[in-house]
Amino acid sequence: MAFYLVAFGLALHVLLWGAGLAALVVPRPWRRFWPVFCAPAGLGLQSAVVWAGAYSGLAGTDVYGRWSELVPVALLAWAVRRGAVAGVAWRRLGGLGLVTAGCLALLVHPLAHASRYLTTASLGSCDAADYAAGARVLQEFSRGDRSGFLGLTEVVQVASVDNFFDFWLRLNHFTPSALIALNGAVAGLQGYQIIGLLTAVLLALSLPLVYWLARTVLRCPAGGSLWLAAIYGLAPATWYAVAQVAIGQLLAAQAIALLTWAGICLWRRFSWRRAAALAPLLFLAYWLVLGSYNFIVLVCLVPAAAYA
């Protein structure tokens, strides 16, 4: 039962972090559907808070993690004050919520069946260990800390950074480790306890964007869009990504969905005003890519370019 409680708690935590930001940045023509964008908004905001905390010299998310909950609360209050959260098409999104929850429950079942205690299993990948190491650094240390192994050049000599902390700040695993560090600090859990569950949450929370692409780009009916979202959530390839703990790739998938939708919107009807309205979502998408899977900064434009 603990696996399910923690997994759904993580999902709700990400959605709450993104609610205010999504309601504020989604352009007005699509404002009724801002809950679809809560997941990437929440993930991007959590990553940005850890990035700011690290560069400000704070001593890890164990110190400021729970205080950082004031950030999404303030954004949500601002969105409510501006009336941005009103008029949501809940009836149209209810079925999507059920499909997302069902997918998450199925993803969590193998871990819950295999162990009585919160843990992570990885199939043929070292990423889980990498993310755990980065999460512990971001959770327990400040950027200026050079005590112990953090100051040994023979440990950190990787030809790109000169200390262990900056290895996580500046290279490819930052956002996955940042998300684990922040959510672990808030929940009072260690990285190894939530890494696998967070991976499952990332796949489940990508289903709203798949549904949105099907509705707006392919112009499928609501029922067909739900089927496409369910197929994505149950496909062997995406389940293999969860089994490999491919957090960076699953984050990049959400970013690619955002970039594809925004690019097609601009291609169909371009104006500088519309480009300015979509700019926050475009920035959010690239923030996720640069912090999680920066090898595909240009490749992520391929779907939109192919459509054009």
Side-chain angles (χ1 to χ4, degrees), residues 2-26 34-86 88 97 100-101 104 118 131-132 134-143 168-169 174-195 197-202 204-205 208 247 251 254 280-281 283-284 287-288 291-292:
F3 283 90
Y4 296 100
L5 290 175
V6 173
F8 279 92
L10 288 171
L12 289 174
H13 189 233
V14 170
L15 294 176
L16 288 173
W17 265 75
L21 181 60
L24 289 169
V25 303
V26 172
W34 62 261
V36 170
F37 301 90
C38 280
L43 296 167
L45 184 59
Q46 288 186 355
S47 171
V49 165
V50 177
W51 184 86
Y55 274 99
S56 64
L58 296 176
T61 56
D62 279 345
V63 172
Y64 64 84
R66 292 182 179 176
W67 286 103
S68 68
E69 298 292 300
L70 296 174
V71 175
V73 170
L75 286 172
L76 185 57
W78 184 20
V80 170
R81 183 177 179 84
R82 293 186 55 184
V85 300
V88 176
T100 301
L104 180 57
L118 292 174
Y131 297 147
R136 185 169 184 183
V137 170
L138 295 171
Q139 192 169 344
E140 299 181 18
F141 297 94
S142 69
R143 187 187 179 203
W168 303 104
L169 271 181
F174 167 70
T175 293
S177 296
L179 296 176
I180 297 162
L182 181 62
N183 286 281
V186 171
L189 297 171
Q190 297 296 317
Y192 75 90
Q193 295 176 299
I194 65 171
I195 293 173
L197 295 176
L198 182 62
T199 313
V201 166
L202 290 177
L205 292 186
I247 296 179
L251 283 167
Q254 295 200 26
L281 289 177
F283 177 83
L284 174 64
W287 177 262
L288 289 176
S292 58

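Throughout, residue positions are numbered sequentially from 1 according to the sequence presented.
Between Leu21 and Pro72 there is no side-chain heavy-atom pair separated by less than 4.5 Å. Using a 4.5 Å heavy-atom cutoff, the side chains of Tyr55 and Val50 are not in contact. Taking 4.5 Å as the limit, every side-chain heavy atom of Leu58 sits out of range of all side-chain heavy atoms of Ser142.
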task = Tell me, with the steps shown, if Ile180 and Leu138 meet side-chain contact (heavy atoms from CB on, under 4.5 Å).
result = CA-CA 9 Å; Ile180 297 162; Leu138 295 171; over 6 Å; no
With side-chain contact (heavy atoms from CB on, under 4.5 Å) as the criterion, how do Trp17 and Leu182 come out once you've worked through the C-alpha distance, each side chain's angles and the decisive distance to 0.1 Å? CA-CA 12 Å; Trp17 265 75; Leu182 181 62; 3.9 Å; yes
CA sep, side-chain torsions, deciding dist, call: Leu179, Asn183, side-chain contact (heavy atoms from CB on, under 4.5 Å) | CA-CA 6 Å; Leu179 296 176; Asn183 286 281; 4.3 Å; yes
| request: Would you check, one step at a time, whether the test side-chain contact (heavy atoms from CB on, under 4.5 Å) holds for Leu43 with Leu202? | output: CA-CA 9 Å; Leu43 296 167; Leu202 290 177; 3.5 Å; yes
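Side-chain contact annotation: Ser47 with Thr175, donor-acceptor N/O pair under 3.5 Å present.
In terms of heavy-atom proximity, Val14 sits nearest to Ala39 at CG1-O, 3.8 Å. The two atoms that bring Leu15 and Cys38 nearest to each other are CD2-CB, 3.8 Å, heavy atoms only.
In this view, Val6 and Leu10, Leu118, Leu189, Ile194, Leu197 satisfy the side chain to side chain contact (heavy atoms under 4.5 Å, CB included) rule, not counting sequence neighbours. Applying the side-chain hydrogen bond (donor to acceptor under 3.5 Å, both in side chains) rule to Trp51 yields no partners; only residues at least two apart in sequence or on another chain are considered.
The structure places CZ of Arg136 at 12.5 Å from OG1 of Thr61, a figure rounded to the nearest 0.5 Å.
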